[in-house]
Peer 1: 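Quick one: the structure is below, and I'll ask about it shortly.
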Amino acid sequence: MIQEPRVGVFICHCGHNIAAKVDVKQVADYAKTLPNVIVSHHYVFMCSTVGQELIREEIKKHNLNRVVVAACSPSMHEPTFRTAIESAGLNKYLLEMANIREHCSWAHSDKEAATEKAKDLVRMAVAKASLLEPLEEEEFPVSPTVLVLGGGVAGMRAAIDLAEWGFNVYLVEKNPTLGGRAALTGWLTNNRRGADVVNNLINKIVDNKNIHVFTNAELVEFSGFPGNFKAKIKVNPRFVNEKCILCGECEIECPIEVSNEYQYGLSRRKAIFFPFKAAYPPIYVIDQRVCIKCGECVKACQYGAINLAEQSLTLDLNVGAIVIATGYDPYHPPKGEYAYGLHNNIITLFQLERLLDEDGPTQGKLIIGGAVPKRIAFILCVGSRNTTPSSKNYCSRMCCTSTLINAIKIKEKYPDIDVYVLYQDINTYGNDETLYEQAGEKLVKFIKFEKPPTVDISPEGIVIDVYETTIQEEISIPVDALVLSVGMVPRRDQNELIATTRASCGEDGFIREVHLKLNPVEAPTHGIFLAGAVTGPKNIIESIRAGSAAASKVATLLSEGKVRTEPFTANVNEERCSGCRICVGLCPYKAISLREINDRMVAYVERALCMGCGTCSAACPSGAMQQYGFKDIQIMAQVVAATGGGIK
Amino acid sequence: MSKPVLVIGGGISGIQATIDLAKHGVEVYLVERNPSIGGKMAQLDKTFPTLDCASCILTPKMAEVLRYNNIKLLTYSEVQEVKGNVGDFTVKILRKPRYVDWDKCTGCGTCTERCPVKVPDEYNVKLGQRKAIYIEYPQAVPRKALIDYSHCLRLNPPPDLKEKAKGKPLCGACEKVCPTKAIDYNQQPEIIELNVAAIILATGLELYDASNIPEYGYGKYQNVYTNLEFERIVSSTGPTNGNIIRRSDGKPPKRIAWIQCVGSRDVRFNHYCSAFCCMAATKQAILAKELLPEVDTTIYYMDMRAFGKGFYEFYKRAMTEFGVKYVRGKVVKITERQDNKNLLLFYEDTIHSYMKKDEFDMVVLSVAVRPNRITAAPVKTDKGGFIQIMDPYMDTVTSTTEGIFVIGGAAEARDIPDSVTMASSAAIKASTIAKKCVVEQTIITSGERA
Amino acid sequence: MSTNNYEPRIVVFACNWCSYAAIDLAGTSRKLYPPNVRVIRVMCSGRVDPQFVLEAFKNGADGVIVAGCRPPSDCHYINGNIKALRRFTLFKRLLEELGIEKERFRLEWISAAEADKWVRVVNEMLEELRRLGPLKAEAVSV
Amino acid sequence: MKATPYISFKDINREIIELGGKGIFKCYQCGACTATCAIAEGMFISFRRVIKYSQLGLVDKLRRDLVPWLCNVHGDCIEACPRNANPCEILASLRRYQSVLYDWTGISRWWYFSTLKKKLLAIIILSGISILGLLSLFSTSIMNYLSMNIFVNLPNLLPIGLLIVLLSISLLVSNGYRMYKFVGGGKEYTVRFFDALKRVLSFWIKSENEAMKIPDKRIRILEHMFILAGIIMYIFLVLLYLIYPIIYSLNPYNYVLMIGRYIAAIMLVVGAGLPFVKRVSKSQKIHWYYKLFRHSTDWVGLGFVFAIGLTGLLMNIFNDLHIYSLTYVVYVIHIGIVFPFLILEVPFGKHNHWLYKTIANYVSARRGLIRGEILE
């Protein structure tokens with residue numbers, strides 16, 4: 001049975017984060033008066049080596065068998081304190097944390113009430129701690145394969161690093177080709193092109209046999225636990241096989257023409273098409289949504305590469321971890337915002353990049369509305385820094401840099417074009433500041449605004465009225481072409497992704513990572529890793545870097561070959577179970593089944609499948625089903641302590 | 001076990017790379033020049049934009065470094081020489097003498113109380129004092145004492161005391177009082193030689209010397225601080241344990257100004273932008289407002305660069321919730337008023353287009369950052385001293401020499417999230433090489449090139 | 001008629017993945033709210049047994065909040081929150097029969113990013129509880 | 001309010017850059033130049049803003065702005081600029097551009113944009129014409145003065161001289177009036193006339209005294225002072241020459257006039273000569289200021305003053321040595337230089353800043369742009 005509880009209470013100052021609003025000494029003294037509490041201390045930083053050393057010594061000195069730490073949120077340092085008490089020989093689940101920082105000192109201004117609340121929280125923690133039992137983690141073998149979702153630069157880099165490390169990688173990309181948004185990016189710093197970067201990465205992927213690429217494929221189902229995830233991939237039909245030699249005959253015959261999303265709508269493409277020069281796999285693809293299956297392409301193809309009857313197939317993969325690198329969407333200004341959509345000389349930065357790119361619709365010539373503009377203006381922060389009603393309230397980080405790169409490229413190719421950049425703050429951070437200097441030398445004109453400019457279409461062209469804050473004057477600039485430097489927004493289809501992978505999104509709509517600063521590439525749920533612009537706006541270099549960082553984190557999870565799971569699974573008390581089957585239907589993971597013990601049908605929990613949600617134990621009429629770590633008596637003790645009814 | 005990997009520099013990026021490598025099952029040597037790992041982040045009080053306390057998120061990582069037995073910590077040591085190529089680097093490391101036997105020392109600190117010599121404390125950017133025998137800071141890892149040779153009366157007695165003592169050893173207070181008899185005055189420097197598969201340079205950043213810009217009067221005027229000094233002042237473990245007081249009269253200031261781009265974005269000093277000082281200044285302004293609610297804080301900037309995740313909301317919160325004032329204009333000159341040692345800032349308020357002079361009790365300079373000199377490693381550096389990356393669009397961390405990776409501030413001025421991401425990125429590449437070396441050894445006999 | 005020094009006590013059952021993270025976020029972004037709440041962490045809102053709520057009322061709690069992830073697809077365990085929704089819709093009717101005003105119990109969906117919603121829920125509930133005054137003894141003497 | 005019409009031709013930028021403002025695009029509007037400038041410390045003006053006008057090519061605002069004329073070329077802004085955009089030189093180019101804008105005849109435009117060779121050619125032609133005209137009209141009277149072995153300023157040269165002076169001044173004043181109109185003279189006046197005058201004078205005396213304390217600024221101010229004093233004395237002497245006969249009768253003052261003439265000439269020679277030599281020399285230790293103003297109009301401006309001074313000096317020497325034939329030769333050359341100086345340089349060239357600077361200071365003083373605190 002549970003040995004006689006000897007509880008040690010440790011209160012943290014957290015510098016003056018807690019000490020400023022909670023009288024830690026008073027709480028420590030109060031803790032001594034609580035039942036089962038043998039000793040209580042308070043120290044500046046409990047999470048530091050000194051703090052942890054203090055806990056270890058106290059456990060040995062008073063042979064404590066329960067520890068309560070009143071400090072920050074368990075999501076911050078529960079693992080730290082667990083390993084601390086484990087190294088003192090105590091089972092690491094005999095720990096209860098009282099959150100007196102985020103839930104108390106940071107949230108309340110009145111010091112006296114906050115101290116009172118801290119005492120209650122410590123009392124609740126001690127009440128539960130006294131009833132805690134030692135638990136053992138479950139170890140499971142791990143499959144050394146990784147699913148990378150998204151074939152952009154981040155996903156590709158993650159796949160390459162994982163494969164070179166020794167894992168088997170499934171690279172799943174929704175579009176018919178790898179490369180993502182970076183392939184459509186034109187010029188980058190030191191004269192590199194997005195397509196070249198993508199090409200280098202694709203070459204590395206092609207000659208690495210550990211990477212299995214599935215394009216035109218999407219994740220439909222995802223379940224299991226870290227190290228043993230089950231992923232169901234649906235590979236949509238491409239209708240064209242390897243025999244295709246990219247001759248393009250079929251494309252000529254195809255009657256259907258739609259706007260080409262690989263040129264952001266600047267040119268049109270056929271139903272059967274090849275995305276762009278550096279696309280991989282180098283095979284044509286038929287766009288299922290618009291193809292009317294007229295069969296013209298089949299007739300035109302001498303190599304018999306096209307088969308319109310191809311069906312989609314689904315794959316069931318058993319993977320150890322998943323790297324989500326699904327990237328972002330460019331912000332699409334609503335019609336009328338800065339007169340977008342009312343004049344075809346008003347384009348977005350992404351479209352401009354396509355125009356300046358050799359593989360673009362105009363082979364790199366800056367032809368907007370049929371002619372090379374004499375005057376072109378960029379408006380920054382479109383869709384970011386809530387400049388317009390439908391904008392997001394964050395800075396999209398990369399639009400300044402890419403705007404200046406393209407402005408410099410325009411001035412290099414067409415020196416006598418007048419280029420204006422309307423900005424709030426030029427965010428060319430780090431070494432990109434040289435871009436700001438080069439833009440100056442290339443005679444690019446900068447106009448600072450605070451109130452967003454207004455764009456109106458007049459007979460003689462586009463006129464931008466803006467109040468230039470540094471000269472305190474309202475000026476109007478007639479231009480021939482206007483580029484809206486749009487920012488990055490979360491993908492439209494992100495909700496399906498969240499539904500399947502259980503990730504969650506933060507205030508800015510991008511997927512939330514565990515900690516913004518210290519683990520930017522891990523999702524709160526173990527085994528799920530985030531790379532690239534899926535967690536927030538990034539430029540190509542940062543996305544690539546996040547890709548390899550995610551690979552590294554996957555390696556830390558899977559390198560040992562086995563993984564330990566949290567022991568908060570459900571467990572049945574056979575004597576009390578009446579076999580009423582209520583729990584069996586409830587379990588979303590189908591971890592509960594009935595088995596016969598001395599001729600009575602009794603519930604049985606398969607620990608490998610149980611994720612520890614506790615729904616079954618709440619519904620069990622007889623209380624036979626209990627969740628380790630959150631047993632009814634433990635929670636009841638907390639409830640009683642919370643209302644002050646129980647221990648006074 | 002595979003061939004080890006060497007990480008040079010124990011700041012947050014070095015620590016993160018070391019932990020990742022350890023989790024990959026690779027043996028890691030972490031070399032750090034100071035007595036303790038933690039780097040610049042250990043000197044910070046809070047970090048933007050989440051206002052977590054820096055040591056709350058750093059100390060657990062430092063503690064984690066001690067928990068892995070495949071991490072070998074070599075602090076207070078410097079890399080003398082690096083030779084060889086990828087998969088087979090031979091490295092000479094000089095372990096500077098600490099004059100304390102670190103196996104016996106428990107870090108109890110009684111020796112520091114007895115030591116008579118007071119010396120300016122580098123951890124508190126010379127604002128506070130420490131003894132000749134000292135522990136770098138309370139949460140240091142490893143938490144061990146060491147003697148500062150140049151100031152210790154026993155090891156290096158000043159000439160006048162020397163002849164007075166006529167050959168008799170002086171002082172020795174720490175030896176008398178040390179409970180575990182850990183003091184060892186004749187400890188010698190030792191050279192350690194390692195053969196490693198890959199090297200990760202995480203040598204980090206240091207502040208540019210603000211006295212190179214005489215107009216700001218840093219060093220001359222008492223109430224002009226660098227942002228690191230102010231960080232120490234506002235930190236609860238700092239020299240003034242958390243209350244903001246002026247150096248000239250010890251009273252809390254009523255008006256504090258932050259000046260951005262001191263030595264950055266300036267062709268006369270450093271062309272590049274130091275990336276994080278806009279947000280660091282905003283954070284410090286919020287900290288000042290939290291400690292002194294009625295203080296008036298103003299930040300003089302040219303472009304407020306709030307580009308990262310959560311940064312712009314943080315900047316907006318500082319403006320609306322905490323009432324931090326932002327003025328667009330570059331402060332070019334500071335003069336000190338003789339009577340109350342207040343400071344007059346000369347700037348043009350570019351939103352109203354005329355020159356203004358404002359008086360402040362305290363001025364904090366957001367000084368540019370420079371990379372720490374790394375002489376031993378055979379890598380090319382650009383004129384600013386930053387280590388060059390071979391191809392930023394390919395794998396963003398390999399330096400010009402294959403097998404040597406560079407992360408964090410050593411390659412470009414950058415903030416903590418980017419440094420940590422770079423650290424993990426270098427870790428996977430280094431452990432791939434290290435793993436290959438193992439394979440290489442076992443099948444070398446069959447002559448097949450891995 | 002709210003008695004002057006009466007401070008209502010609210011017991012909150014918060015699911016670890018969403019609501020508890022939202023309460024943490026309220027702390028980190030310094031969104032201040034009255035300190036009358038005591039939060040108990042459970043792995044999923046599905047784990048909250050109506051028994052616990054009754055136990056809270058019996059022991060003098062003036063209000064109880066069960067907070068979980070936002071349906072339909074936020075729940076970390078696929079549909080734990082839907083089970084809670086089913087249980088507590090029924091439970092609300094039971095409360096009325098027991099004579100406990102239905103404003104004293106709230107089932108709220110708070111995702112990890114909605115710190116403002118958490119603060120709003122706490123303030124609203126406190127207002128109502130101050131209006132209702134302390135819990136009448138006979139209702140809970142069952 | 002409807003935005004002001006905006007005509008931005010890229011050639012405005014090209015023109016300003018050609019006039020020496022190649023730094024206008026390095027500027028990222030930080031305001032360091034205004035912040036360090038002693039003039040800006042005493043007045044509510046911003047040099048940064050006018051550089052932005054030039055960057056954006058806002059001609060109407062450039063025409064309306066009097067800030068470039070308030071710059072006294074102290075040069076502190078050059079060290080303060082974080083982008084090495086050299087604000088001092090930009091403001092010089094804006095002054096040149098503005099004098100082109102003010103000039104209605106178009107000669108200024110030609111004058112500022114032509115090469116040094118073209119200017120020298122024009123000057124030589126003009127001085128050739130004036131010399132030939134002079135000789136053709138007065139060679140006979142010169143001959144008989146020579147025969148009488150006396151040197152007399154040709155009395156009947158007077159009407160032509162007066163005519164030329166009137167022409168030059170009227171051209172200059174007409175452009176000055178246009179500037180006064182552009183700058184919006186007469187409007188937004190808040191300070192009364194005499195107060196404004198008092199403020200301007202005391203402001204300039206105070207700021208120049210401060211500048212005098214700094215050695216390398218002191219030399220430049222002295223050089224400029226020499227030229228100024230030289231020209232004023234020269235004008236004074238010419239006026240005196242008009243009423244010469246009356247003075248002549250008061251014989252005792254004759255030597256005063258002689259000394260005055262020498263001093264004026266020497267002042268011009270030294271004042272213009274020193275900077276001229278420093279500008280020409282390539283050696284390193286020459287102060288950056290002299291490497292700055294190397295626009296063709298600067299060379300011509302200084303050259304004129306130096307030549308007038310030199311010829312004036314020689315004329316006096318020969319006159320006192322009674323070698324009247326040489327005196328007359330130099331006298332003819334002297335007039336040959338003065339006439340193009342009056343016709344070209346004064347109304348259109350660098351020397352129009354006498355009038356424009358005074359207008360700019362007057363208008364800004366009347367508008368109360370001069371701050372109070374600097375004065376006490």
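Keep in mind it's a predicted model, so treat the numbers as computed, not measured. Naming: A, B, ... by sequence-line order, numbering from 1 per chain.
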Peer 1: Select, from A:T434, A:V197, A:I426, A:I471, the one with the greatest count of heavy-atom pairs under 4.5 Å involving chain B.
Peer 2: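 Highest number of pairs under 4.5 Å: A:I426.
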Peer 1: Tell me, do B:M304 and A:Q424 make a side-chain contact under 4.5 Å, heavy atoms counted?
Peer 2: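 They are not in contact (no side-chain heavy atoms under 4.5 Å apart), so the answer is no.
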Peer 1: Within the 4.5 Å heavy-atom criterion, are B:C273 and A:T428 side-chain neighbours or not?
Peer 2: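 SC-SC contact between B:C273 and A:T428 ruled out.
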Peer 1: Does the side chain of B:D303 come within less than 4.5 Å of A:Y436's, by heavy atoms?
Peer 2: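 When only atoms from C-beta onward are counted, B:D303 and A:Y436 do touch, with a gap below 4.5 Å.
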Peer 1: How many angstroms lie between atom OG of A:S559 and atom CD1 of B:I428, to the nearest 0.5 angstrom?
Peer 2: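 It comes to 9.0 Å.
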Peer 1: Contact part of B:K316 toward chain A, heavy-atom cut-off under 4.5 Å: side chain, backbone, both or neither?
Peer 2: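 B:K316 has no heavy atom closer than 4.5 Å to chain A.
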Peer 1: Between A:I160, A:L188, A:T80, A:L201, who has the most heavy-atom pairs with chain B when the cutoff is under 4.5 Å?
Peer 2: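 Most heavy-atom pairs within the cutoff with chain B belong to A:L188.
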Peer 1: B:Y393 versus A:I540: any side-chain heavy-atom pair under 4.5 Å?
Peer 2: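 Yes, side chains in contact.
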Peer 1: Is the shortest side-chain N to carboxylate O distance from B:K309 to A:E513 below 4.0 Å?
Peer 2: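 Result for this pair is yes, salt bridge flagged.
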Peer 1: Which atoms of B:F276 come close to chain A, meaning under 4.5 Å heavy atom to heavy atom: side chain ones, backbone ones, both, or neither?
Peer 2: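 Neither the backbone nor the side chain of B:F276 comes within 4.5 Å of chain A.
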Peer 1: Kindly give the heavy-atom pair with the smallest separation between A:L516 and B:P49, and that separation in Å.
Peer 2: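 Closest heavy-atom pair between A:L516 and B:P49: CD2-CG, 3.3 Å.
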Peer 1: Please verify the inter-ring angle class for A:W165 with B:H24; under 30° counts as parallel, over 60° as perpendicular, anything in between as tilted.
Peer 2: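 Rings of A:W165 and B:H24: perpendicular, as their planes differ by over 60°.
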Peer 1: Non-hydrogen atoms of chain A under 4.5 Å away: do they reach the side chain of B:S274, the backbone, both or neither?
Peer 2: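 Neither part, no heavy atoms under 4.5 Å.
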Peer 1: With a 4.0 Å cut-off, would you call B:D395 and A:R157 a salt bridge?
Peer 2: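 Looking at A:R157 together with B:D395, the answer is no, because their closest N to O distance does not fall below 4.0 Å.
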Peer 1: Rounded to the nearest 0.5 Å, what separates atom NZ in A:K517 from atom CZ in B:F48?
Peer 2: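 So the gap between those two atoms works out to 4.5 Å.
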Peer 1: Could you tell me which of B:K61, B:M62, B:E64 has the largest number of non-hydrogen atom pairs under 4.5 Å with chain A?
Peer 2: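 Greatest number of close heavy-atom pairs with chain A: B:K61.
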Peer 1: Within a strict 4.5 Å, meaning less than it, do heavy atoms of the B:E412 and A:Y429 side chains meet?
Peer 2: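 No, side chains not in contact.
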Peer 1: For B:A411 and A:N431, which heavy atoms make the closest approach, and how far apart are they?
Peer 2: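 Nearest pair, atom of B:A411 first, then A:N431: O-ND2, 4.5 Å.
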Peer 1: Which one of A:C395, A:S396, A:P537 has the most heavy-atom pairs closer than 4.5 Å to chain B?
Peer 2: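 Looking at each of A:C395, A:S396, A:P537 in turn, A:C395 comes out on top.
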Peer 1: So, do B:I12 and A:L518 sit near enough that their side-chain heavy atoms are less than 4.5 Å apart?
Peer 2: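 B:I12 reaches A:L518 side chain to side chain.
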Peer 1: With a 4.5 angstrom heavy-atom cut-off, which part of A:N17 approaches chain B: side chain, backbone, both or neither?
Peer 2: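 For A:N17, the contact with chain B is made by the side chain alone.
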Peer 1: Where is the tightest heavy-atom contact between B:A275 and A:G430, given as atom of each residue plus distance?
Peer 2: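 Reported closest heavy-atom pair: CB-N, 4.2 Å.
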Peer 1: May I ask you to check whether A:S548 and B:S425 show a side-chain donor-acceptor distance below 3.5 Å?
Peer 2: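 A:S548 vs B:S425: donor-acceptor pair found between side chains.
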Peer 1: Tell me whether B:D391 is salt-bridged to A:R192, with the criterion being a basic N under 4.0 Å from an acidic carboxylate O.
Peer 2: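 Yes, this pair counts.
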Peer 1: Which residues pass the side chain to side chain contact (heavy atoms under 4.5 Å, CB included) test with A:Y467, not counting sequence neighbours?
Peer 2: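 Partners of A:Y467 under the side chain to side chain contact (heavy atoms under 4.5 Å, CB included) test: A:T469, A:Q472, A:E474.
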Peer 1: Show the numbers, then the answer: is there a side-chain hydrogen bond (donor to acceptor under 3.5 Å, both in side chains) between A:T556 and B:D20?
Peer 2: CA-CA 6 Å; A:T556 59; B:D20 272 20; 5.6 Å; no
Peer 1: Could you check which of B:L66, B:V141, B:T47 has the highest count of heavy-atom pairs closer than 4.5 Å to chain A?
Peer 2: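 Going by pairs under 4.5 Å, I would pick B:T47.
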Peer 1: Is A:N190 in contact with chain B via its backbone, its side chain, both, or neither, using a 4.5 Å heavy-atom distance?
Peer 2: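 Contact with chain B is through the side chain of A:N190 alone.
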Peer 1: Looking at side-chain heavy atoms only, is the closest gap between A:T470 and B:S353 below 4.5 Å?
Peer 2: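 No, too far: nothing below the 4.5 Å cut-off.
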Peer 1: Answer yes or no: is there an ion pair linking A:D432 with B:R414, defined by an N-O contact shorter than 4.0 Å?
Peer 2: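 A salt bridge is absent here (no side-chain N lies under 4.0 Å from a carboxylate O).
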Peer 1: If you tally heavy-atom pairs under 4.5 Å against chain B, which of A:E437, A:E164, A:K448, A:Q52 wins?
Peer 2: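 Answer, by heavy-atom pair count under 4.5 Å with chain B: A:E437.
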Peer 1: So, the side chain of B:T421 versus the backbone of A:P520: is there a donor-acceptor pair under 3.5 Å, distance only?
Peer 2: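 Flag not set: sc B:T421 to bb A:P520 has no pair under 3.5 Å.
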Peer 1: Is the shortest heavy-atom distance from the side chain of A:N200 to the side chain of B:M394 under 4.5 Å?
Peer 2: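 SC-SC contact between A:N200 and B:M394 confirmed.
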Peer 1: Given heavy-atom pairs under 4.5 angstrom as the criterion, report whether the side chain, backbone, both or neither of B:V267 touches chain A.
Peer 2: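 Side chain only.
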Peer 1: Which atoms of B:A423 come close to chain A, meaning under 4.5 Å heavy atom to heavy atom: side chain ones, backbone ones, both, or neither?
Peer 2: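 Neither part.
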Peer 1: If you measure from OH on B:Y312 to SG on A:C381, what distance do you get to the nearest 0.5 Å?
Peer 2: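 These two atoms lie 7.5 Å from each other.
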Peer 1: Top residue by heavy-atom pair count (under 4.5 Å) with chain A, among B:E313, B:R265, B:E290, B:R328?
Peer 2: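 Going by pairs under 4.5 Å, I would pick B:R265.
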Peer 1: List for me each residue that meets ring pair (Phe, Tyr, Trp, His ring centres under 6.0 Å) alongside A:F510, sequence neighbours excluded, and say none if there are none.
Peer 2: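 With sequence neighbours excluded, A:F510 shows a ring pair (Phe, Tyr, Trp, His ring centres under 6.0 Å) to A:Y394, given in chain and number order.
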Peer 1: Name the member of A:I541, A:V153, A:N386, A:L558 that forms the most heavy-atom pairs with chain B at distances under 4.5 Å.
Peer 2: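 Result: the option with the highest number of such pairs is A:I541.
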Peer 1: Give, as side chain, backbone, both or neither, the part of A:H515 having an atom under 4.5 angstrom from any heavy atom of chain B.
Peer 2: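 Only the side chain of A:H515 comes within 4.5 Å of chain B.
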Peer 1: Between A:D425 and B:R305, does any side-chain N to carboxylate O distance fall below 4.0 Å?
Peer 2: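 No, no charged N to carboxylate O under 4.0 Å.
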